[in-house]
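What follows is one structure encoded as structure tokens, with my remarks underneath.
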2 protein chains.
Amino acid sequence: MSSVPQIIDSSATAAVPATRMPSDERRVLVLEAATAVFGQRGYAGTTTDQVATAAGVSQPYVVRMFGTKEKLFLAVLHRALDTLMAAFRRALAEESDVPVHSRMGMAYADLLTDRGLLLSLMHGFVLGSDPEIGKTARAGFLEVYLFLKADVGMTPEEASDFLAHGMMLNTLVGIRMADEYDTNPDARELLETAMPTKLGLLRGLTGPDKIQ
Amino acid sequence: MSSVPQIIDSSATAAVPATRMPSDERRVLVLEAATAVFGQRGYAGTTTDQVATAAGVSQPYVVRMFGTKEKLFLAVLHRALDTLMAAFRRALAEESDVPVHSRMGMAYADLLTDRGLLLSLMHGFVLGSDPEIGKTARAGFLEVYLFLKADVGMTPEEASDFLAHGMMLNTLVGIRMADEYDTNPDARELLETAMPTKLGLLRGLTGPDKIQ
DNA sequence: GTCTATACCAAGATAGAC
DNA sequence: GTCTATCTTGGTATAGAC
């Protein structure tokens, strides 16, 4: 694979000892960095060193914190699913004239700003053959499906369609279709059709990646 | 990552010299094997040795044939896109009482039987940050979108919805949701809702993987 | 809590024989 | 056209110091 241009600023060299920090705080920082890198390069395509650099700590420390790279990825998936469900629950509880289904869609699209979150999930979703990752991915996907039916009140068809559009959104982000927005009218039309309201968010993700 | 249980029979040991074969024939065999493995494990998660074993040839020979692993993956993507477009064109040309949109959907779902084809595409789609892979993925995705509009006659909305359901199907396969069909009623309902007609194909993909 | 140093293995690629 | 042997790199994980 050719080297991937990066979004995340890598000027954070891990060489200089990171300032001491409570381990749970540090843990969150590393999880966020890992989410960004995994989202961009996928599970196998990511090295623990890339995560460490993005988080501004040393590579062995990342491994030390999570045990193995796989456990780190699983933690990323769980955090992503928790964040997603929390956003949905918030959107559901919200007082608003906007219909619930739309509010859910907007809540989902808003997660695009959480760098790599939806894409890390997507990478997990397509690795169903891996025993651990697959188990987590299926459980998470079904949790969302059930929530849409039981709590939001969608029919199976509505929930399935909602998820389909979510997967489409994930794909458009993953494929970086927004990079073609200005130069390819078809890409532009597709983006404007597939995500009319939240286009701004996607376009904000254009340009060279910020991860090292 | 824990080791992935396999679908493809690995009894094909490369140790015994493969019988000589015209290079384009061998090329196709390797491409098919590569499609299956890449579909299951993704680009970075696949080794050229796994591909070689699945194809029944030696690892250096795989590299020799395609130059690099990345070129092999790109060849897999191109072959997958060609196969997909050919299936669509065939479904379009077909005489039938079934409406075109349905015929397209069925043609797509039928590709599930081509082991790893749709999943290799999906893995490519989520690697848009990689310069080469991303370029190919975006071009292929847009080619399909344009075909749906220009040749099939879909509106942008219809084409976008069609693609959304395609991505949903890919995801359900990738996540191996069919593995839960018998034991989880929610998984079953979701599968029956998302792919009512072609469920049989998906279920056929259940069970231990056949790739080594 | 965090680092440096390093062991160890896996994997892509090359050389060269048959 | 296809293999065996091997070089080389890069990446996870461990040991141990501060």
Side-chain angles (χ1 to χ4, degrees), chain A residues 1-4 10 12-31 33-34 37-38 41-76 130 132-133 211-212, chain B residues 1-4 10 12-31 33-34 37-38 41-76 130 132-133 211-212:
Chain A
M1 175 151 70
S2 2
S3 70
V4 175
S10 81
T13 25
V16 179
T19 30
R20 258 180 115 82
M21 190 180 291
S23 60
D24 25 342
E25 257 178 68
R26 179 71 74 194
R27 204 185 151 84
V28 173
L29 284 183
V30 172
L31 274 178
V37 185
F38 279 129
R41 315 178 95 111
Y43 171 66
T46 294
T47 70
T48 53
D49 191 56
Q50 288 162 350
V51 172
T53 301
V57 298
S58 69
Q59 179 269 330
Y61 190 38
V62 169
V63 175
R64 175 69 82 98
M65 261 190 288
F66 292 89
T68 65
K69 177 177 149 180
E70 180 172 45
K71 283 183 187 148
L72 170 59
F73 186 61
L74 291 172
V76 163
D130 179 273
E132 292 303 309
I133 297 175
I211 299 179
Q212 182 55 304
Chain B
M1 178 149 70
S2 2
S3 70
V4 175
S10 80
T13 25
V16 179
T19 30
R20 258 181 113 82
M21 192 179 290
S23 60
D24 24 343
E25 257 180 67
R26 179 71 74 192
R27 204 185 151 84
V28 173
L29 284 184
V30 173
L31 275 178
V37 186
F38 279 130
R41 315 178 94 111
Y43 170 66
T46 293
T47 71
T48 53
D49 191 56
Q50 288 162 349
V51 172
T53 302
V57 298
S58 70
Q59 178 269 330
Y61 190 38
V62 169
V63 175
R64 176 69 82 94
M65 261 190 288
F66 292 90
T68 65
K69 177 178 151 180
E70 179 172 46
K71 283 183 186 148
L72 170 59
F73 186 62
L74 291 172
V76 163
D130 179 273
E132 292 303 309
I133 297 175
I211 299 178
Q212 182 57 304

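We name chains A, B, ... by the order of the sequence lines, and we start the count at 1 in each one.
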Discussion item. C:dG1, OP1 or OP2 - any side-chain N/O from A:Arg26 closer than 4.0 Å?
Written reply: no
Item to complete: Check whether any side-chain heavy atom of A:Val30 sits under 4.5 Å from a side-chain heavy atom of A:Tyr61, and report yes or no.
Response: no
Worksheet item: Which distance, rounded to the nearest 0.5 Å, do you find between the OH of A:Tyr43 and the CD of A:Glu70?
Response: 4.5 Å
Worksheet entry | A:Met21, nearest nucleotide to its side chain (from C:dT2, D:dC3, D:dT14) | C:dT2
Item to complete: Kindly say whether, by distance alone, the side chain of A:Gln59 makes a donor-acceptor pair under 3.5 Å with the base of D:dA13?
Response: yes
Response to the item:
On DNA chain D, more 5' by nearest nucleotide between B:Met65 and A:Arg64 is B:Met65
Fill in: Rounded distance [0.5 Å steps], CG in A:Leu31 versus CE in A:Met65
8.5 Å
Fill in: Atom-pair distance (CG on B:Leu72; C1' on C:dA11), nearest Å
14 Å
Worksheet item: What is the distance, rounded to the nearest whole Å, between atom CZ of B:Phe66 and atom P of C:dT14?
Response: 16 Å
Practice prompt. Looking only at side-chain atoms of A:Arg20, point me to the closest of D:dA13, C:dG1, C:dT4.
Written response: C:dG1
Worksheet entry | Residue A:Lys69, side-chain heavy atoms: nucleotide from C:dA5, D:dC3, D:dT12 that is nearest | D:dT12
Worksheet item: In whole Å, what is the span from the CD atom of A:Glu70 to the C1' atom of D:dG11?
Response: 16 Å
Worksheet item: For A:Gln50 and D:dG10, what is the distance between atoms CD and C1' respectively, to the nearest whole Å?
Response: 11 Å
Fill in: Under 4.0 angstrom between A:Thr48 side-chain N/O and D:dG11 OP1 or OP2
no
Item to complete: Select one nucleotide: of D:dA15, C:dT2, C:dA13, the one nearest the side-chain heavy atoms of A:Tyr61.
Response: C:dT2
Discussion item. On the nucleotide D:dG1, are OP1 or OP2 found under 4.0 Å from the side-chain N or O atoms that B:Ser23 carries?
Written reply: yes
Discussion item. Closest approach to the side chain of B:Pro60, judged atom by atom: which nucleotide of C:dG12, C:dC3, D:dT4 is it?
Written reply: D:dT4
Item to complete: Verify, without hydrogens or angle tests, whether A:Glu25 (side chain) and A:Pro22 (backbone) share a donor-acceptor contact under 3.5 angstrom.
Response: no
Discussion item. Do A:Val62 and A:Gln59 make a side-chain contact, defined as non-hydrogen atoms from C-beta onward lying under 4.5 Å apart?
Written reply: no
Fill in: Integer-rounded Å distance: D:dT2 C1' and B:Leu29 CG
14 Å
